[in-house]
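Structure first, commentary second.
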Amino acid sequence: MKYASVIVDVPAKQTDRAFDYKIPEEWQELLIPGMRVIVPFGPRKVQGFVIETKDQSDWNRLKPIAEIVDLTPCLTPELLELGQWLTEKTLCFKISAFQAMLPAAMKAKYEKGLRLLTDDLKNLTEILQPYFQKNDQVKLTDIEQTVPLRIIQKEIEKSYLEVIYNVKQKTNKKTVKVIKRNQSILQLTELFKQFPANARKQLDIINYFISNQINEIPLHDLLIEANSSYASVKALIKKEIFVEEIKEVYRDPYQDRDFKKTNALLLNNEQQQAIAPILDSIRETFHDVFLLYGVTGSGKTEIYLQSIEEVIRKGKEAIVLVPEISLTPQMVNRFKGRFGAKVAVLHSGLSSGEKYDEWRKIQRKEVQVVVGARSAIFAPFENLGMIIIDEEHESSYKQEENPRYHARDVAIYRAQIHKCPVVLGSATPTLESFARSKKDVYKLLSLKERVNKRSMPRVDIIDMREELRSGNRTMFSNVLIEKLTERLEKGEQSVLLLNKRGYSSFVMCRDCGFVIQCPHCDISLTYHRHGQQLKCHYCGHEEQMPNVCPECQSEHIRFFGTGTQRVEEELVKVLPQSRIIRMDVDTTGMKGSHEKLLTKFGQKEADILLGTQMIAKGLDFPDVTLVGVLTADTMLNLPDFRASEKTFQLLTQVSGRAGRHELPGEVIIQTYAPEHYSIQLASHYDYDLFFEREMQLRKNHAYPPYYYLALLTVSHPEITKVVSVTEKIVQFLRWNVENETKILGPVACPIPRIKDRYRYQCMVKYKREKNLNETLRKIMEHFQPEINSEDLTIAIDLSPNTMM
DNA sequence: AGCACGCCGACT
DNA sequence: GTCGGCGTGCTC
């Protein structure tokens with residue numbers, strides 16, 4: 001093939017199409033679609049993806065491809081196709097779709113440099129001379145600060161310098177030097193006999209290879225094992241007895257750990273009934289979507305594991321998606337324990353290099369199973385036998401930035417192509433999925449019993465308003481303190497959950513009610529104990545906590561709301577004898593600290609684990625017998641049509657953390673809205689009734705699953721512009737949609753201003769809209785001039801999870 | 001997105 | 001007369 005169509009790494013409307021390039025002669029056999037290349041683009045060079053090779057091009061002034069990045073394509077034909085589908089489904093740029101499918105380490109970095117063109121350094125202006133003493137190339141970033149751009153430009157005009165564009169690869173393949181023998185063991189043995197006896201170190205090395213019967217060994221290891229130095233090794237290399245090689249090695253984040261090999265557990269009756277149709281689907285290469293609806297502790301994971309075994313037996317591969325936070329060691333252990341080295345793990349706790357390495361294992365087909373968060377759905381397997389999405393209801397499966405895809409949709413798309421099953425597992429399925437299972441679009445598989453036959457822990461709802469009325473002004477109800485004390489005495493553990501979503505510690509004046517807000521965003525600043533700072537979570541603005549109210553000069557200005565730090569302090573006051581582990585973003589920022597804290601708790605080095613949402617999932621500690629939810633209802637006040645659903649899910653999840661083993665558990669839910677149905681029904685573990693009630697509400701308010709949603713968010717520094725653009729969009733939409741489709745707006749967003757930009761939105765609620773994407777594309781096209789030059793942005797989210 | 005080109009005002 | 005502002009349009 002002589003020509004290649006390339007999608008270039010320039011995320012913009014005008015460049016969102018293929019550009020053709022000539023393939024240099026020597027690469028014409030080599031280059032195939034899915035490979036990354038570096039191509040000249042205007043005056044610079046950019047990375048791009050080859051989507052097609054061909055023998056003809058409509059363009060006549062073609063530039064040649066500058067470089068090939070991959071030797072094997074990083075995108076399979078299926079993924080190339082999937083990228084196309086993603087762009088259409090989410091209205092994102094093609095390049096963004098491709099980049100979303102690969103580990104971040106494979107994204108190119110760009111760097112500008114200057115190259116010396118004149119032979120005589122003295123021609124150059126004096127300040128520039130020192131930079132070119134040693135090298136004829138200098139990074140522009142090194143010079144920019146000291147030398148004004150004007151001066152540099154002058155030199156370029158005089159052709160003493162030229163600008164060069166470098167595309168740098170982040171892909172830091174980790175390598176080691178290995179020493180390889182160049183001769184057979186037999187030859188070495190011969191050599192050993194005749195070797196000069198005074199070369200003792202060299203003899204040691206040769207002997208090491210002979211006695212251990214090895215072909216090669218990493219240099220580092222050799223030096224230690226044979227107790228020798230690099231000098232002796234080099235001498236042997238010079239004699240051509242050994243050779244030195246650079247070898248790619250994987251950073252294995254789990255290398256220092258042994259995983260206890262586990263075997264398949266015996267499935268109970270219910271589990272057997274649930275797994276049978278999945279196994280059928282795997283065996284018969286048939287696409288199906290299963291909703292595995294099983295209460296916490298009903299043994300869903302064992303079903304996953306045994307299904308995967310079948311997939312592997314068939315010589316196929318499996319993807320397992322788990323929510324980011326539940327990718328705890330416990331989860332990894334179960335998969336590694338069963339499948340050992342056949343598993344790759346992809347989650348945010350890994351460094352970008354580690355993620356890249358795990359991805360390479362998948363690409364090279366060295367593993368058959370990948371366990372990972374959302375983006376693992378793009379694992380470059382070519383022989384998929386099954387896709388599992390655990391905790392199907394988790395909102396983290398939806399990406400909240402472009403491309404705004406939902407992993408569930410991608411899973412079903414891929415599974416259709418591979419003719420394999422998708423298993424969606426949850427104790428609290430999304431209304432969408434459960435509704436689909438009722439309509440037989442998904443096949444429902446139920447697990448109603450817990451494996452250990454224990455009933456779910458008893459849940460008590462505590463009305464915090466009552467507590468306040470009876471004079472308890474702390475954040476702990478009397479009952480909770482009582483129960484916590486009880487656990488302390490018995491040596492059992494407790495978990496306390498602070499539901500922080502939709503809740504922040506703002507600063508208010510007690511005298512005049514003034515709340516300190518961000519000057520750039522319409523949202524109150526959050527108090528951070530660290531350095532008495534006030535911080536904006538949306539734009540990063542920081543200011544000092546004032547001593548007096550800026551409005552009325554009163555000294556009664558203080559922060560409200562509760563952070564885990566604050567809870568910890570209070571808790572220590574009430575239960576001074578307790579040992580507490582606090583887990584939130586502050587304490588788990590560092591790599592691996594999350595895990596360390598959990599291990600500590602698991603080894604009973606603490607009595608109470610206190611944390612935010614992140615502790616709600618996947619934890620399984622035998623001695624936890626009490627779970628307390630400090631503030632159950634904070635989410636309910638958010639402008640989010642899923643607020644009740646999320647509250648129900650969260651409460652059900654945490655309740656499942658108590659009493660998973662021998663000891664019976666108990667749950668205390670503190671709330672200011674005890675009568676709310678999502679709290680009431682969660683306390684009775686009544687998903688079915690919750691489903692009924694919530695469905696009724698969704699129907700009445702025209703929300704999913706009865707209607708599909710599309711959310712358009714317009715932003716611009718001037719409010720008048722935002723309003724007028726949003727109005728125009730609404731008008732255009734009204735003209736172009738079906739009668740039963742509802743258009744809401746324009747309205748200001750829940751956060752009406754972020755980073756000095758006003759935000760308005762408009763919501764489309766529809767049942768059938770064949771041409772919606774086309775209509776939306778027309779809108780984007782129409783406003784393109786303003787988007788390009790007037791700092792206007794229009795964001796489109798098809799099927800938004802929230803309205804924020 | 002970047003970058004060049006080009007057309008206008010305010011300075012040596 | 002030149003420097004430098006940023007609107008416009010292109011990138012195989």
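Below, chain A is the first sequence line, B the second, and so on; all start at residue 1.
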Sorted by chain and number, sequence neighbours left out, ring pair (Phe, Tyr, Trp, His ring centres under 6.0 Å) with A:Tyr405 holds for A:Phe378
To the nearest angstrom, the CD-C1' distance between A:Glu111 and B:dA1 comes to 18 Å
DNA chain C: first to last nucleotide in contact with chain A (atom under 4.0 angstrom from a heavy atom), 5' to 3', is C:dG4 to C:dC12
Name the atoms and distances for all side-chain donor-acceptor pairs under 3.5 Å in residues 64-71 of chain A, with sequence neighbours left out.
| from | atom 1 | to | atom 2 | distance (Å) |
| --- | --- | --- | --- | --- |
| A:Asp70 | OD1 | A:Arg36 | NE | 3.2 |
| A:Asp70 | OD1 | A:Arg36 | NH2 | 2.6 |
| A:Asp70 | OD2 | A:Arg36 | N | 2.8 |
| A:Asp70 | OD2 | A:Arg36 | NE | 2.9 |

Any side-chain N or O of A:Lys112 below 4.0 angstrom from OP1/OP2 of B:dC3? yes
A:Tyr165 OH to B:dG2 P, in whole Å, measures 11 Å
Subject >> Donor-acceptor pair between A:Gln363 and A:Arg360 side chains, under 3.5 angstrom >> reply: yes
Sorted by chain and number, sequence neighbours left out, ring pair (Phe, Tyr, Trp, His ring centres under 6.0 Å) with A:Tyr397 holds for none
Here the residues of residues 40-51 of chain A within 4.0 Å heavy-atom distance, strictly under, of DNA chain C are A:Pro40, A:Phe41, A:Gly42
Could you go through nucleotides 10-12 of chain B and list every protein N or O atom that sits under 3.5 Å from one of its N or O atoms, giving the distance for each pair?
none

Does the pair A:Glu786/A:Lys721 count as a salt bridge with the N-to-O cut at 4.0 Å?
yes
Those residues at least two apart in sequence (or on a different chain) that pass ring pair (Phe, Tyr, Trp, His ring centres under 6.0 Å) with A:Tyr708 are A:Tyr766
Side-chain donor-acceptor contacts of residues 110-118 of chain A below 3.5 Å, not counting sequence neighbours, with atom names and distances?
| from | atom 1 | to | atom 2 | distance (Å) |
| --- | --- | --- | --- | --- |
| A:Tyr110 | OH | A:Asp9 | OD2 | 2.7 |
| A:Tyr110 | OH | A:Gln47 | N | 2.9 |
| A:Arg115 | NE | A:Glu162 | OE2 | 3.1 |
| A:Arg115 | NH2 | A:Glu162 | OE2 | 2.8 |
| A:Thr118 | OG1 | A:Asp120 | N | 3.2 |
| A:Thr118 | OG1 | A:Asp120 | O | 3.3 |
| A:Thr118 | OG1 | A:Asn123 | ND2 | 2.8 |

Salt bridge (charged side-chain N to carboxylate O under 4.0 Å, His left out) pairs touching residues 43-66 of chain A, sequence neighbours excluded, are A:Asp20-A:Lys54
Of A:Arg642, A:Lys646, A:Lys398, the one forming a side-chain hydrogen bond (donor to acceptor under 3.5 Å, both in side chains) with A:Asn801 is A:Arg642
Residues at least two apart in sequence or cross-chain that pass side chain to side chain donor-acceptor pair (under 3.5 Å) with A:His406, listed by chain then number, are none
| request: Before accepting this row, confirm whether a basic side-chain N of the pair A:Glu358/A:Lys361 lies closer than 4.0 Å to the acidic partner's carboxylate O. | output: yes
Please work out if A:Thr15 contacts a base, only the sugar-phosphate, or nothing of the nucleic acid, heavy-atom cut-off 4.0 Å.
base
Donor-acceptor contacts, no H, no angles, side chain residues 769-778 of chain A, under 3.5 Å, sequence neighbours left out:
| from | atom 1 | to | atom 2 | distance (Å) |
| --- | --- | --- | --- | --- |
| A:Glu769 | OE2 | A:Glu738 | N | 2.9 |
| A:Glu769 | OE2 | A:Thr741 | OG1 | 2.5 |
| A:Asn773 | ND2 | A:Glu88 | O | 2.8 |
| A:Thr775 | OG1 | A:Asn771 | O | 2.9 |

Under 6.0 Å from the CD atom of A:Glu29, do we count more than 12 heavy atoms belonging to anything else shown?
no
Expected rows: protein N/O vs nucleotides 6-8 of chain B N/O, under 3.5 Å:
none

Between NZ of A:Lys109 and P of B:dA1 the distance, given in whole Å, is 21 Å
Whole-Å distance, A:Lys94 NZ to B:dA1 P, equals 16 Å
### Query
Contact class for A:Phe93 vs. all strands (heavy atom < 4.0 Å): base, sugar-phosphate, or nothing?
nothing
To the nearest angstrom, the OH-P distance between A:Tyr110 and B:dA1 comes to 14 Å
